[in-house]
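For reference, the structure is listed below as structure tokens.
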There are 2 protein chains.
Amino acid sequence: MKRDSRLSGVLHVLLHMAEHRAPMTSEQLAKAMQTNPVVIRRILGGLRDAGFVHSEKGHGGGWTIARDLAAITMRDVYDAIGRPKLMAMGNRTEAPGCLVEQAVNAALDPAFRDAEALLLARFAAVTLAELAADFQARMAARPPHIKDHHHG
Amino acid sequence: MKRDSRLSGVLHVLLHMAEHRAPMTSEQLAKAMQTNPVVIRRILGGLRDAGFVHSEKGHGGGWTIARDLAAITMRDVYDAIGRPKLMAMGNRTEAPGCLVEQAVNAALDPAFRDAEALLLARFAAVTLAELAADFQARMAARPPHIKDHHHG
DNA sequence: TTTCATGTAACTTTAAATAGTGCGTGATGA
DNA sequence: TCATCACGCACTATTTAAAGTTACATGAAA
């Protein structure tokens, strides 16, 4: 299994956009994330459709955040990127005819459902504004001669 | 990402063994699970090392359960198969230098940790004896003219 | 009208789980 | 003894989904 890092990735991108108070191009964001511009456009596509970010073509174009950061939760972002799977395990077969399988699924399913519900509730409890504030705090805690937060 | 179904699978196998009160060969179990005998041996290997099942070579050999079903929890089984990943998502990078990434990870990590803890607690609360009882209840609830629970 | 930037589709690459093959080892029993 | 059975293990192959890449169309700005 390759681990899905879209949620982590898009949150990262959004915070970078929030720092940079002007439109950022896919290329700039891709450089910061060490990935490909198309990956950025894909990942931000869902957020555009959901109205969280805005994109502009042509000169001076790029991506901007379309809402107050305090009005966007991690849950919103998760939903906007298409609610990817949260759990790494699943049932061997859905809708099994085998009664043994049914008994196993009946034991596992509610546990997974509750864990997912917990996770989503946690996501809903954190806004991007809080993430940005945490980032600012980390900046402030840094040795004073370091002036920026660029990547290697 | 391919979804891990080892836990579901091994629970299934164990219940089948519990039903059948004589050694079952990898081949028999593989037929019931519609998979390959080697897959069964692999999946049961960890449980043998943990002392939950016993394997015997040669004529009349095969797999047997080595403990009281009431003394084995789903958590024990999860541990015995090597504690596979529970969460389908991860951080883009561990140990990031980027402060933005650090802020994102700091928000996501505790949520994932808590969800995993919840899941493991749920696993620990269910014994194989309970699963077997649930299976028996399902058998009893079936139309009476159906005499076995074999697979297609 | 040239340049820049997104939008999107198609394709390739990569990582991880799962499946399968072949052969070695040990136990049974004729 | 020796043929057969069943597990043990190393190795390879397949499959699936994410991530990356290429190519080109569209539309905005200079």
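A quick note: this is a predicted structure, and the numbers were derived from the prediction, not measured.
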How many Å lie between [atom1] on [X] and [atom2] on [N], as a whole number?
X	N	atom1	atom2	value
A:N36	C:dT8	CG	P	17 Å
B:I43	C:dG20	CD1	P	14 Å
A:E27	C:dG7	CD	P	15 Å
B:M89	D:dA19	CE	P	9 Å
A:R48	C:dA5	CZ	C1'	12 Å
A:H54	D:dA28	NE2	P	11 Å
B:Q34	C:dT18	CD	P	16 Å
A:L7	D:dA18	CG	P	13 Å

Minimum-distance nucleotide to [X] side chain [options: [options]]:
X	options	answer
B:K57	C:dG24, C:dA19, C:dT6	C:dG24
B:R41	C:dG20, C:dA5, D:dG8	D:dG8
B:H59	D:dT4, C:dA9, C:dT6	D:dT4
B:D4	C:dA17, D:dA17, C:dT6	C:dA17

Heavy-atom side-chain contact between [X] and [Y] under 4.5 Å:
X	Y	answer
A:I72	A:L14	no
A:Y78	A:R83	yes
B:L29	B:M17	yes
A:D4	A:K85	no

Any donor-acceptor pair under 3.5 Å joining the side chain of B:R42 to the base of C:dA17?
no
Starting at the 5' end of DNA chain C and moving along, which residue's nearest nucleotide shows up first, B:T35 or A:G58?
A:G58
Start at the 5' end of DNA chain D and walk down; is the nucleotide closest to A:R6 or to A:V39 reached first?
A:R6
First of A:E56 and A:V38 reached from the 5' end of DNA chain D, by closest nucleotide:
A:V38
Any side-chain N or O of [X] under 4.0 Å from OP1/OP2 of [N]?
X	N	value
A:T25	C:dC4	no
A:S26	C:dA5	no
A:S55	C:dG7	yes

Counting only heavy atoms not in A:E27 (residues, nucleotides, ligands), do more than 12 fall under 6.0 Å from its CD?
no
